[in-house]
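What's counted below: heavy atoms across the whole structure, side chains too, no hydrogens, waters or symmetry copies.
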Amino acid sequence: MRYIAFIFIIFNVFASVGQDTILRNYSANRAWVMCSDPSAVLYNSSTGFICNNGVTKQYFLFKPEVNYASSTISFRGYANAGTGTPVTISYKLFGPFNVNDDYATWIENNAVAPISAGGPSAAVIAMTSALTGNKHYVLEVTSQSCAGRVAFTLKDYSLNCSRYTLDCENCIPKFQPANGEYVVTGWVKEKDGEAKTAYDKCFMKVIVSGVPTVIPVSGQIIDGWQRMEKTITASSTGDFAIELSASAGNECYFDDIRVIPFAGSMVSYVYDPVTMRLIAELDERNFAKIYEYDEEGKLIRVKKETEKGIMTIQENKENSSVQGSY
């Protein structure tokens with residue numbers, strides 16, 4: 001097994017199971033945070049959206065700062081960047097949710113009912129709903145088109161999110177590296193992949209300014225895990241994101257994802273949350289040195305991950321004799 005080291009100096013890490021690669025808000029997990037008007041944002045195949053039987057879905061996340069008794073959010077589908085040809089759309093509004101609720105999973109598994117729904121319509125849809133301040137809402141818009149945009153008009157509701165902050169004190173709001181080369185590494189494991197010599201159903205991509213780069217798997221599968229590594233060039237002027245995905249019908253696990261400067265080095269440590277003993281040390285290449293202890297807490301064995309597998313590099317044995325015993 002691998003030992004999880006929660007040292008993620010990255011922005012926008014997305015885990016996806018059974019989905020194709022997407023660059024935008026194709027699911028509730030990738031909802032567009034409406035702190036700015038998304039009306040000019042196009043959905044199409046070049047921006048990563050999947051069109052199933054002529055239908056495309058988009059998700060929008062917003063968080064009112066105060067209570068709204070009957071605020072109106074109106075929207076309409078269009079086929080291009082201008083006002084152009086209308087597109088038939090429908091919608092579902094989900095909420096209110098607390099920040100720690102797993103609402104994205106609930107929505108995608110149909111485990112929660114919408115509080116409002118409407119359409120299909122090619123005209124303007126006026127959604128009038130009471131909104132609770134400091135709660136999260138997710139708007140699902142289904143467009144009968146493979147390309148286009150959703151234009152919003154607001155009445156008595158503002159998208160001013162100057163005070164919008166993450167409600168997670170341990171979350172990193174944004175990681176934007178300076179220009180230069182960085183080494184991206186991680187470990188991946190396919191469910192039911194025991195018979196494989198290389199994994200081909202799990203994918204990690206780094207997206208810099210909208211351009212994706214695949215981080216390939218390489219080397220042997222070590223204790224069920226295979227390493228991923230690639231050098232990428234980052235830009236301080238564009239968005240930086242890491243996307244995790246699995247091919248349809250498969251499940252993948254990702255661990256120990258790192259982004260470090262090409263000329264830099266990094267060592268991280270993993271401690272047992274109960275005993276606080278050091279149980280793993282990950283070196284500059286993201287290989288683990290594993291520490292094993294006996295029931296008394298004495299170090300008995302040290303193992304090392306290598307490109308050829310796990311090897312024991314140190315072993316301690318102690319024998320105690322008691323006078324007069326047999």
Side-chain angles (χ1 to χ4, degrees), residues 12-62 73-95 97 103-127 129 136-154 159 203 205 207 209-212 214 239 241-250:
N12 286 0
V13 178
F14 305 112
S16 171
V17 175
Q19 298 284 351
D20 290 329
T21 302
I22 301 296
L23 301 180
R24 292 287 188 184
N25 57 328
Y26 69 101
S27 74
N29 277 311
R30 296 291 305 272
W32 183 289
V33 180
M34 292 180 64
C35 284
S36 60
D37 190 347
S39 297
V41 178
L42 297 175
Y43 61 87
N44 53 45
S45 59
S46 64
T47 52
F49 281 88
I50 291 178
C51 187
N52 290 322
N53 298 320
V55 175
T56 307
K57 284 189 177 182
Q58 295 180 83
Y59 291 83
F60 303 89
L61 171 69
F62 57 95
I73 299 178
S74 300
F75 42 92
R76 186 177 185 180
Y78 292 100
N80 51 45
T83 54
T85 305
V87 169
T88 299
I89 62 173
S90 57
Y91 82 92
K92 294 179 182 178
L93 178 66
F94 299 91
F97 300 111
Y103 48 81
T105 299
W106 298 345
I107 292 171
E108 295 192 345
N109 291 333
N110 296 315
V112 60
I115 60 173
S116 178
S121 175
V124 175
I125 295 178
M127 182 183 69
S129 300
H136 287 195
Y137 293 84
V138 177
L139 176 65
E140 176 188 280
V141 178
T142 301
S143 301
Q144 304 297 317
S145 170
C146 294
R149 66 189 179 95
V150 178
F152 286 83
T153 303
L154 308 177
L159 281 180
F203 310 98
K205 290 187 177 182
I207 304 170
S209 302
V211 179
V214 176
D239 290 337
I242 290 183
E243 182 177 275
L244 311 176
S245 62
S247 59
N250 292 274

For [X] and [Y], which heavy atoms make the closest approach, and how far apart are they?
| X | Y | result |
| --- | --- | --- |
| C146 | T56 | CA-OG1, 3.6 Å |
| G77 | I89 | N-CD1, 3.6 Å |
| S143 | Y43 | CB-OH, 3.0 Å |
| Y91 | S116 | OH-OG, 2.7 Å |
| T88 | A122 | OG1-CB, 3.8 Å |
| Y78 | V87 | C-CG2, 3.6 Å |

Starting at [atom1] of [X], measure out to [atom2] of [Y] and round the result to the nearest 0.5 Å.
| X | Y | atom1 | atom2 | value |
| --- | --- | --- | --- | --- |
| K57 | C51 | NZ | SG | 12.5 Å |
| T153 | F75 | OG1 | CZ | 10.5 Å |
| L93 | F62 | CG | CZ | 5.0 Å |
| I73 | I125 | CD1 | CD1 | 13.0 Å |
| F60 | E140 | CZ | CD | 11.0 Å |
| R149 | Q58 | CZ | CD | 11.0 Å |

Item checked: Pair K205-I242, side chain to side chain contact (heavy atoms under 4.5 Å, CB included): steps then yes or no -> CA-CA 6 Å; K205 290 187 177 182; I242 290 183; over 6 Å; no
Check: So, R76 side chain and F152 main chain: donor-acceptor pair closer than 3.5 Å or not?
Finding: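 Here the side-chain-to-backbone pair does not exist.
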Check: Would you call F97 and W106 a side-chain contact if the rule is heavy atoms closer than 4.5 Å?
Finding: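 Result yes, sub-4.5 Å side-chain heavy-atom pair found.
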